[in-house]
Amino acid sequence: MSETVRTHARVRASELVGRNWLNTGGKSLDLEALRGKIVLLDFWTFCCINCLHVLDELRPLEQQYSDVLVTVGVHSPKFEHEADPVALAAAVERYEIHHPVLDDPELDTWKAYTARAWPTLVVIDPEGYIVAHLSGEGHADGLAVLIPELIAEHEAKGTLHRGSGPYVAPEATSGTLRFPGKALFLPPGRGSTAGTADGGTPAGAAASAAAEKGSWLVTDTGHHRLVELGTDFETVLATFGSGTKGYADGPAAGDSASAQFNEPQGLVLLPEDVAAKAGYDVVIADSVNHRLRGLSLTDGKASTLAGNGIQRLLETGPARVDEDGAGFSGSLGTDPLDVALSSPWDVVWSRKLNAVVVAMAGTHQIFSFDPVTGAVSIIAGNGLEGLLDGPAHESWFAQSSGLAEDADGNIWVADSETSALRKLVIADDASITVESAVGKGLFDFGFRDGPAAEARLQHPLGVTVLPDGSVAIADTYNGAVRRYDPATGTVSTLARGLAEPSDVIVDHTQSAGSEPLLVVVEANKHQLVYVPIPKEAQQVDEGASQTHRPKSPVAPGTLDLTVRFTAPTGQKLDDRWGDPTQLKISSTPPELLVSGGGTSVGLLRTLELSPDVPEGVLHITARAAACDGPETEDGEIPDHAACHLYQQDWGIPVVLQADGDTELVLDLRGMD
């Protein structure tokens with residue numbers, strides 16, 4: 001029996017408490033109703049890219065063990081908007097979650113299971129006892145060992161009950177679009193209907209209009225395809241992709257399409273000269289496939305441009321940062337199809353870099369891709385999650401999800417998990433410096449206009465540059481379009497009352513009037529809408545907020561940190577090149593941490609906390625690398641063994657008090 005994730009003491013699982021249940025046909029569940037099943041609690045929040053990765057990691061296990069395993073998603077929200085039950089129901093549908101979900105807006109069940117990070121997994125055996133406590137992503141292989149062990153043990157005891165689970169599918173949303181992600185204007189002559197218009201039929205009339213005014217290409221994310229719409233946002237001119245979730249290149253246009261996408265997000269139209277050399281017109285961020293895809297609008301074929309389909313965080317490799325906090329930047333090799341990507345979310349063409357810039361949400365970094373040479377590079381972000389400006393290779397991002405280029409060739413970034421607007425300042429020599437215009441940190445958000453230093457956003461996903469040089473932001477969880485004016489350093493509100501706007505684009509076609517308009521992708525209403533740019537923007541102040549999680553009481557002075565990790569059965573820590581574990585520690589405010597910060601190997605660290613700082617947040621990143629396969633006679637990992645990376649970023653809110661704890665123990669994998 002594995003002791004890598006099993007508890008040594010029998011700890012009874014706490015009851016599941018929350019506001020409501022989803023995906024159960026209106027029934028409430030409790031642990032008694034789940035007795036006899038292996039229960040996997042998945043603590044998640046729908047803003048979190050790591051949580052979305054875990055949803056996909058668990059799907060094969062849920063299918064394989066559907067008669068004995070019940071996954072229960074415990075939705076414990078980070079942002080205020082995520083506590084809205086309507087928004088949660090939409091997210092459950094959007095991400096095609098096929099297991100019961102407990103709505104836990106007050107974090108009652110989160111606190112009962114001492115969860116400290118999103119995502120956290122807890123395994124409960126058929127008798128109702130906790131047997132595993134896992135943080136972060138990448139645990140599917142270990143669970144694939146643990147679940148059969150539990151099946152064998154409880155079948156022998158007679159405590160395992162096979163049969164169908166409590167999942168009940170909700171009613172599906174139908175329409176032309178389903179949770180659209182991003183949109184792209186196709187100028188006259190660049191769309192799929194170029195040169196094919198026949199004004200004698202309704203379809204021909206629409207094609208004629210597109211040839212004259214242009215059209216819009218939309219990632220129909222929930223239908224796993226792309227849709228080309230007329231400027232009325234109603235007329236469908238073409239579709240690309242079969243509409244079946246998956247991965248396949250080939251013919252993408254029309255009813256005979258065989259090409260497949262998996263939740264495509266951002267897309268960019270290449271300059272005509274670059275497209276001619278590359279052999280395709282559009283680059284697509286195929287998020288769940290962890291790939292960049294190409295689409296030729298002339299022959300309707302889809303191709304793979306970069307990415308091997310492996311989620312980058314699950315690959316082993318060198319430490320993300322060195323002792324000075326600098327991460328790797330530069331080329332990732334000569335073959336773009338051998339490079340691992342992680343949830344690419346948006347793409348934009350950079351004139352200064354002569355390349356596609358990619359928001360790599362899953363690794364909290366910014367990549368580039370050269371369509372002509374195929375070169376893939378990391379250009380900003382050291383991979384740590386948070387908000388830190390400065391030289392590109394030392395900067396921190398947090399699930400960057402929207403990109404736009406301004407007139408000076410700089411790139412604006414909607415950094416969703418820090419609720420921030422960031423900027424890549426690109427020098428003439430292509431060196432990059434990162435700056436922040438709006439935003440404070442991972443746990444600070446709100447709806448407040450005014451001076452940028454005090455202004456707050458809430459999980460923005462899209463950004464565009466307005467004709468006057470100011471920046472419009474799709475402030476997704478506030479249901480608004482906001483405006484940042486670099487000239488005055490102020491934030492205002494252009495529009496409100498939108499249903500999770502995921503992208504915003506300036507429309508110059510004058511299709512709906514003589515003035516330029518904004519085109520907003522209104523994801524939760526499954527539509528694109530025109531929004532006027534008001535001459536007088538609103539000033540809103542609904543306050544600044546922080547994520548309300550329990551604060552850990554700790555004593556000033558010495559704090560001993562332990563991150564517990566033991567490799568799953570059949571794996572061994574990969575110590576071929578030294579200690580394969582690493583801790584990176586910092587704090588907000590920086591003055592909280594007197595000593596013990598920085599990056600070094602090992603999962604033990606002694607910190608010293610300042611008595612002069614009453615409270616703050618400890619930022620802790622832990623990593624461990626382990627490899628598969630039976631050990632050789634000398635106890636070494638065999639050559640060509642498959643290897644796995646385990647990692648988690650924690651933000652631990654602490655309050656300093658004299659009788660507080662002097663030890664902090666976190667579980668990366670397993671508990672005792």
Side-chain angles (χ1 to χ4, degrees), residues 1-2 5-45 51 54-55 58-59 61-77 83 85 88-89 92 97-116 118-135 139 143 146-170 550 667 670-672:
M1 192 65 67
S2 167
V5 295
R6 301 294 296 275
T7 61
H8 297 295
R10 284 170 65 81
V11 178
R12 176 69 72 175
S14 299
E15 193 50 79
L16 304 177
V17 178
R19 175 171 58 189
N20 192 22
W21 285 88
L22 294 86
N23 285 356
T24 61
K27 296 180 181 178
S28 295
L29 300 180
D30 55 27
L31 289 178
E32 184 62 34
L34 299 173
R35 196 76 76 236
K37 300 290 188 184
I38 300 167
V39 178
L40 176 58
L41 302 182
D42 176 13
F43 290 87
W44 70 297
T45 184
C51 300
V54 167
L55 289 174
L58 296 180
R59 293 186 204 275
L61 293 172
E62 292 178 281
Q63 184 173 0
Q64 182 177 358
Y65 298 107
S66 60
D67 61 335
V68 294
L69 175 68
V70 174
T71 301
V72 174
V74 182
H75 187 265
S76 306
L88 173 58
V92 169
I97 296 173
H98 294 162
H99 55 245
V101 173
L102 173 64
D103 183 5
D104 181 29
E106 301 299 325
L107 306 187
D108 293 321
T109 298
W110 164 283
K111 289 182 281 191
Y113 283 86
T114 63
R116 290 183 179 271
W118 297 277
T120 291
L121 300 175
V122 176
V123 182
I124 302 171
D125 73 14
E127 295 180 275
Y129 291 94
I130 295 174
V131 293
H133 199 286
L134 317 170
S135 294
H139 295 291
L143 289 169
L146 176 60
I147 291 169
E149 291 178 346
L150 291 172
I151 291 172
E153 175 184 341
H154 288 276
E155 276 194 324
K157 294 171 68 174
T159 51
L160 184 74
H161 300 160
R162 293 185 179 271
S164 59
Y167 168 71
V168 178
D667 283 309
M671 53 185 282
D672 55 31

Please enumerate all residues that pass ring pair (Phe, Tyr, Trp, His ring centres under 6.0 Å) together with H99, with sequence neighbours excluded. none
Which heavy-atom pair separates L31 from E15 by the least distance, and what is that distance? N-OE2, 3.0 Å
Charged N to carboxylate O under 4.0 angstrom, E62 versus R59? no
Do V70 and L40 come within less than 4.5 Å of each other through their side chains, counting heavy atoms only? no
Show the nearest heavy-atom pair for residues L16 and L34, with the distance to one decimal. CD1-CD1, 4.4 Å
I'd like to know if the side chain of D103 and the backbone of L88 have a donor-acceptor N/O pair within less than 3.5 Å. no
Please check: side-chain N/O of S135 versus main-chain N/O of D667, any donor-acceptor pairing under 3.5 Å? yes
Trace of the side-chain contact (heavy atoms from CB on, under 4.5 Å) decision for K37 with L69: CA-CA 6 Å; K37 300 290 188 184; L69 175 68; over 6 Å; no
Contact summary for N20 and L102, nearest pair of heavy atoms: O-CD1, 3.6 Å
What distance separates H133 NE2 from I124 CD1, expressed to the nearest 0.5 Å? 10.5 Å
Quick one: side chain to side chain contact (heavy atoms under 4.5 Å, CB included) partners of S28, sequence neighbours excluded? W21
Using only heavy-atom distances, determine whether the side chains of E127 and T159 contain a donor-acceptor pair under 3.5 Å. no
Cut-off 3.5 Å, no hydrogens considered: what does the side-chain donor-acceptor table look like for residues 161-169, sequence neighbours left out?
unit_1, atom_1, unit_2, atom_2, d
R162, NE, E155, OE2, 3.0
R162, NH1, D67, OD2, 2.6
R162, NH2, E155, OE2, 2.9

Any donor-acceptor N or O pair under 3.5 Å, side chains D104, S76: yes
V123 and I38: side-chain contact (heavy atoms from CB on, under 4.5 Å), yes or no, with the steps? CA-CA 7 Å; V123 182; I38 300 167; 4.1 Å; yes
Which atom of P100 lies closest to which atom of T71, heavy atoms considered: CD-O, 3.3 Å
Within the distance-only criterion (no hydrogens, no angle test), does the side chain of T120 pair as donor or acceptor with the backbone N or O of A115 below 3.5 angstrom? no
Mind checking the CH2-CZ spacing from W110 to R116? Nearest 0.5 Å is all I need. 10.0 Å
Are any side-chain N or O atoms of Y113 and backbone N or O atoms of S14, one a donor and one an acceptor, separated by less than 3.5 Å? yes
How close do W118 and P77 get, heavy atom to heavy atom, and via which atoms? CZ2-O, 3.9 Å
Taking the side chain as C-beta and beyond, is there a heavy-atom pair between P148 and Y65 under 4.5 Å? yes
Between E106 and R19, is the closest basic N to carboxylate O distance under 4.0 Å? no
Between L143 and L121, does a side-chain contact (heavy atoms from CB on, under 4.5 Å) hold up when you go through it step by step? CA-CA 10 Å; L143 289 169; L121 300 175; 4.1 Å; yes
Any side-chain heavy-atom pair of N23 and P170 under 4.5 Å: yes
Return the CG to CZ distance between L134 and F43, rounded to the nearest 0.5 Å. 12.0 Å
Run the side-chain contact (heavy atoms from CB on, under 4.5 Å) test on V122 and I130 for me, step by step, so that the C-alpha distance in whole Å, both residues' side-chain angles and the decisive distance to 0.1 Å come before the verdict. CA-CA 7 Å; V122 176; I130 295 174; 4.0 Å; yes
In the structure I gave you, are the side-chain heavy atoms of L150 and V68 within less than 4.5 Å of one another anywhere? no
